[in-house]
Number of protein chains: 2
Amino acid sequence: MAGRPHSRPRLIDVAAQAGVSMATASRALASREGVSERVAARVRDVAAELGYVANPHARTLAGGPTSVAGLLVYEIGDPYFSEIASGVVGTAAEHGWSVQISHTERDSRAEAAQIRLMRAHRVGAIIVAGSGYVDPAMEAEVARELDAFQETGGRAVVIGRHHLRCDAVLPDNSAAAASVAEHLLELGHRRLAVVAGPRHLNTVTDRLGGVRSAVAARGLDPDDMPVAYVPFTREGGRAGAAQILEQHPGTTAILALNDAMATGVLSVLRERGVAVPAEVSVTGFDDIQVAQDLAPALTTARLPMSEMGVAAFELALRPPVSRPRRKPTSHGLVVRDSTAPPA
Amino acid sequence: MAGRPHSRPRLIDVAAQAGVSMATASRALASREGVSERVAARVRDVAAELGYVANPHARTLAGGPTSVAGLLVYEIGDPYFSEIASGVVGTAAEHGWSVQISHTERDSRAEAAQIRLMRAHRVGAIIVAGSGYVDPAMEAEVARELDAFQETGGRAVVIGRHHLRCDAVLPDNSAAAASVAEHLLELGHRRLAVVAGPRHLNTVTDRLGGVRSAVAARGLDPDDMPVAYVPFTREGGRAGAAQILEQHPGTTAILALNDAMATGVLSVLRERGVAVPAEVSVTGFDDIQVAQDLAPALTTARLPMSEMGVAAFELALRPPVSRPRRKPTSHGLVVRDSTAPPA
DNA sequence: CCGAGGAACGAAAGCGCTTGCAGGAAGCGC
DNA sequence: GCGCTTCCTGCAAGCGCTTTCGTTCCTCGG
């Protein structure tokens, strides 16, 4: 019988009840070999009957497998990241894993510190969502932590980030951005401007690169295209839009490199009485849930955030291979009401 | 020196380096009494120098304090919950805690199961965000798990949920809903309709109660007011709006009991060419970030989700008291462009 | 019918930490 | 200078589990 009162059953209780040793009970529950099916079944039955759940701390301490994953996001309150988190958390639950979430607030040093913390917590896998840095020095510290984690048997997966020695879920930011730009060019726009995120993020340079190559393919000079480097937020979008309106009044289309910034762009245009899309077309990127409900409904490049979260967790579950896997994701152009031919 | 190569330092390494026993080192790092300040400082210095981080599994197993909190939400991808999570995760990080997040998908049995799982994980605190159930039987299982958790020394805090024996962060749903209804009545509306969430949720009955009492206070009969019970989602809002438009064509104002549903209501009205607010006024509830960017910008009752998350975590940090604390939160009416006097 | 070779199981040693308890060094009054 | 507190500090016993290494018991070929 159980030792203390009011205490959940221990493995030793299950073992006693089933008439076997702890070793056998442990093996039976981990469905490892070396136990006869008859005994294993009995142990499992007893465990179920007693409502036994292994203490994960003891398990981990003794060298067993962990089933806690760490998820790093810039800001869980941001729709882009919360949709990714939704995919990760849901899939993890299906596999009996739980998920620890951390904010990193767009700071590579904070990222490295969080990874270090998760390593200390002995998580079994770490999923890093969020852009990489253009400056290799900034990326280095994160890379070092991730490498150390993998060397000790942990599984690391990044989302939308290359240049790291681990499995990755990679949307084709460049191609998706190009498709948005092509859509605008197709409509006849020639005076495009970009509200980009921070210039030190890979995601920004990738997306911007896509836009520039699409522009160049039309015979235009990408260097003539104004680019506002602002924070990846609604407020950043507002600042970028204001800047473009003032310095480049002839602009007929503004490409925001994520939907949050596009929201800000739209709000500035509305305040200033600029009609969208009649006077200026606006595009976003990501297709967060609310993009369809903005005024006007936002034309944007769709990234399957939730599926990316699912894919990332599933990669984390698979055993590592020597050469890092790169799992591409779909993307698509979603044309709504914020784009139209130029006046 | 450390034992194995490639291995992070253990407490015993810190102790050796500082020339004290593990016991003293442990006490020094936990800043517990019984250690001279001189020795404690030395130990802390050595620990910092070696980059020592305690193994939380060993710590917990040995009976030490935990610094992992569990957060239960219906759906982390939903803005309401992700904003709460943002507050919780940020505050937790400041205090050196990490946060495990679980989906419950609006199912009380899943909730209870998740709490059980978190108990098995020996989290130090559990924060449950999400409505309670009107049916006491459904609430009972959750209550039982939460009670058991608290009996074993865990800290439980609920957000927006009463009838549970634990600390709570409680927005005044009824008053906030009443203020929205009063705003519409003030504008001259007399034919209100409500797009409510699921009728078995306390949040819904509370908010609906607020609306009904405001209506009654104007001398109108609340029972004449149509109510559509639909899921708490954008799709639910669409269904509710469709139902009201068809069965109660004279309606001049639709109150959605959360912003997600309001988004759906607006989308249906837009599709059907009903002008908002010229023909029909629409209100939401919560004031999620995007409410300001909808078309038209949504008039809604503001709940400080992020602050609620912060408050919940801070409550969890405080020692329990015999009588559960109820921490009220502010709420406010945010008037934007989706409401106007009836035509 | 005997011995070799497995398969199934058990004993016990940790994993890294906290903490109750005992021991030792100061500090006090006399 | 002695006995008694009062502080500090160290010893060692676990926390609940996994895993290595033996041991036992079968099975089967010769």
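Each chain gets a letter, A, B and so on, in the order its sequence line appears, and its residues count up from 1.
- Taking atom CE of Met22(A) as the reference point, atom P of dA13(C) lies 14 Å away to the nearest angstrom.
- Within the 4.0 Å cut-off from OP1 or OP2 of dG10(D), at least one side-chain nitrogen or oxygen of Ser21(B) is found.
- Between Arg10(B) atom CZ and dG14(C) atom C1' there is a gap of 13 Å when expressed in whole angstrom units.
- No side-chain heavy atom of Tyr52(A) sits less than 4.5 Å from a side-chain heavy atom of Arg44(A).
- When rounded to the nearest whole Å, the span between CD1 of Ile12(B) and P of dC11(D) equals 11 Å.
- Taking 4.0 angstrom as the limit, Thr24(A) places a side-chain polar atom (N or O) nearer than this to OP1 or OP2 of dG10(C).
- Here the closest non-hydrogen pair linking Pro319(A) and Arg325(A) is O-NH2, 2.8 Å.
- Under the 30°/60° scheme for interplanar angles, the aromatic rings of His57(B) and His57(A) are found to be tilted.
- Separating the CZ atom of Arg38(B) from the P atom of dC8(D) is a distance of 12 Å, rounded to the nearest angstrom.
- The side chain of Ala62(A) has dC15(C) as its nearest neighbour among dC15(C), dA12(D), dT9(D).
- Scanning atom types as modelled, no donor and acceptor separated by under 3.5 angstrom connect the side chain of Arg122(A) and the base of dG16(C).
- Side-chain to base pairing of Arg27(A) with dG10(C): one donor and one acceptor N or O lie within less than 3.5 Å of each other.
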